[in-house]
Number of protein chains: 2
Amino acid sequence: MAPRPGLSRDLIVKTAADLLDEADGREVTLGQIAAALGVRTPSLYNHIDGQDDLLRGLAVFAVRELGARISRAAIGRTGEDAILAIGHAYRQFAHERPRLYQASLRAPDPDHQALIDASEEILDVLRLVLKPYQLSPEDQIHAIRGLRSLMHGFVSLELAGGFGLPVDIDESYRRLLTGFIRGLQREGGA
Amino acid sequence: MAPRPGLSRDLIVKTAADLLDEADGREVTLGQIAAALGVRTPSLYNHIDGQDDLLRGLAVFAVRELGARISRAAIGRTGEDAILAIGHAYRQFAHERPRLYQASLRAPDPDHQALIDASEEILDVLRLVLKPYQLSPEDQIHAIRGLRSLMHGFVSLELAGGFGLPVDIDESYRRLLTGFIRGLQREGGA
DNA sequence: TTGCCAAACTAATATCATTAGTTTATGATT
DNA sequence: AATCATAAACTAATGATATTAGTTTGGCAA
């Protein structure tokens, strides 16, 4: 039922993701992906529906990887400890695979179900670590938005070269996170 | 000394910026810019040095516009009031011109002097509104990085469609900012 | 063994950015 | 006022890329 099982959507996306952070150019081309797979460019179209579809796939791939990492980081930790660990894992992922990290937000269609599903794992983890602060359902949503904004904004500016001055960047990030956490403690009960 | 004064680097950049947020495609092409200026594509090369140079120009243009807006917003205000006004202006700019806002961080060369100069105006404003909190020079840098991260992270996720739930987004942003400000008050003296 | 069908291929097209080389308008010079 | 030099705009050509059309082929099912 599956002749010539060389290619598949997942393999193409994974190959593209691998190329993403080694390629020198601004974009990974379908030609590069095909070459890495030992195949001609049009063959990719049997499995993906053009560039936009590839971008969607990459976004899902990236969000899954990010989710896996922060889940792992949170294991066995609670409260401030857990949030800092997640923040660290988040930033580390962005450092290790900057282009893949950026791809996580470059999906042409953010409402695509697969992407929403993948994001759900991240949200689950965040909800879990916020539990001790006993926020109301609405406060929890505000807090999650805030935490994601912090992490994304910081690493995003950092990757864009936005922090020029010779002052410890790790320390800036640590302060940003701890400041946010203290704000939670004030707000909730913990 | 300047024959046929039709085109100029500034005009090209401005035209590109205008096209940015009306174009439907993913990118603004040199052909679209040339057409909008009533000129053939290669003519642009007399004034800009290819796409990368255009991106640099767009980044500078965007940062200047952003800087002008937040400066204006801060006039006549101090402390929490000023910071909230800046945050509002920042987010409003991103809403009004989302692609131009994104271009402010897409420069191929973040160390380019013109871009650094343009960013300096933003930093000046932020330094000014943080003055009442009497932070040490180093604390001030951490605070500026934090504030920029907050604002950029939030609007960036918002633009990417990252906030799905039907909970008031304005409120999330307001809380994020006020939480940060309260952290400053704890840290500094004010 | 045969036939079907998806998967991979070749060939062709359209859109871009970019470079080379030509023409021309305009300010400067005689 | 006439001419010249030069930068600005042009046409033409090239190379890279995504995408589509149409052909070939390999592997599973009957």
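Chain naming here is simple, since letters A, B, ... match the order of the sequence lines and numbering starts at 1 in each.
- A donor-acceptor pair under 3.5 Å links the side-chain atoms of B/Asp53 to the main chain of B/Asp49, judged by distance alone.
- Residue B/Ile33 contributes atom CD1, which lies 12 Å from atom P of C/dC16 at whole-angstrom precision.
- Formation of a donor-acceptor pair under 3.5 Å by the A/Asp21 side chain with backbone atoms of A/Arg99 is found in this model.
- Both tests pass for A/Arg91 against the ring of A/Tyr173: distance under 6.0 Å to the centre and angle within 45° of the axis.
- Here the straight-line distance linking atom OG of B/Ser71 with atom CZ of B/Arg64 works out to 13.0 Å at 0.5 Å rounding.
- Between the CG atom of A/Leu37 and the P atom of C/dA8 there is a distance of 10 Å, rounded to whole Å.
- One axis for each end of the helix from C/dT1-D/dA30 to C/dT30-D/dA1, each built from five base pairs, and the angle between them comes to 0° at 10° resolution.
- Rounded to a whole Å, the CG atom of A/Leu44 is 13 Å from the P atom of C/dA7.
- In terms of the side chain to side chain contact (heavy atoms under 4.5 Å, CB included) criterion, residue partners of B/Ala68 (sequence neighbours excluded) are, by chain and number, B/Arg72.
- Between the side chain of A/Ser43 and the backbone N or O of A/Val39, no donor-acceptor pair lies under 3.5 Å.
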For the pair B/Asp18 and B/Arg97, evaluate salt bridge (Lys or Arg N to Asp or Glu O under 4.0 Å) and give the outcome as yes or no after the intermediate values. CA-CA 9 Å; B/Asp18 287 346; B/Arg97 311 205 57 179; 3.6 Å; yes

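- Atom P of nucleotide D/dA8 and atom CG of B/Leu7 are separated by 9 Å, given to the nearest angstrom.
- Of the residues in residues 50-61 of chain A, not one places a heavy atom less than 4.0 Å from an atom of DNA chain C.
- The separation between A/Tyr45 atom OH and D/dG22 atom P is 17 Å, rounded to whole Å.
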Determine, stepwise, if the pair A/Glu27 / A/Arg106 fulfils salt bridge (Lys or Arg N to Asp or Glu O under 4.0 Å). CA-CA 12 Å; A/Glu27 292 290 331; A/Arg106 254 187 348 162; 3.1 Å; yes

At under 4.0 Å between heavy atoms, which parts of nucleotides 9-14 of chain C does protein reach? Answer with one letter per nucleotide, 5' to 3': B base, S sugar-phosphate only, - none. BBB---

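- What separates CD of B/Gln32 from P of C/dC16 is a distance of 7 Å, to the nearest Å.
- Distance CD1 (A/Ile48) to P (D/dT20): 11 Å, rounded to an integer number of Å.
- Geometrically, A/Arg145 does not engage B/Phe154 in a cation-pi contact defined by less than 6.0 Å to the ring centre and at most 45° from the axis.
- Residue pairs meeting the salt bridge (Lys or Arg N to Asp or Glu O under 4.0 Å) criterion with at least one partner in residues 32-46 of chain B, sequence neighbours excluded, do not occur; the list is empty.
- Taking only side-chain nitrogens and oxygens, B/His47 never comes nearer than 4.0 Å to OP1 or OP2 of D/dA7.
- Scanning for side chain to side chain contact (heavy atoms under 4.5 Å, CB included) contacts around A/Glu22 gives A/Leu19, with sequence neighbours left out.
- Here the C1' atom of nucleotide C/dC16 and the CG atom of A/Leu30 are 15 Å apart, to the nearest Å.
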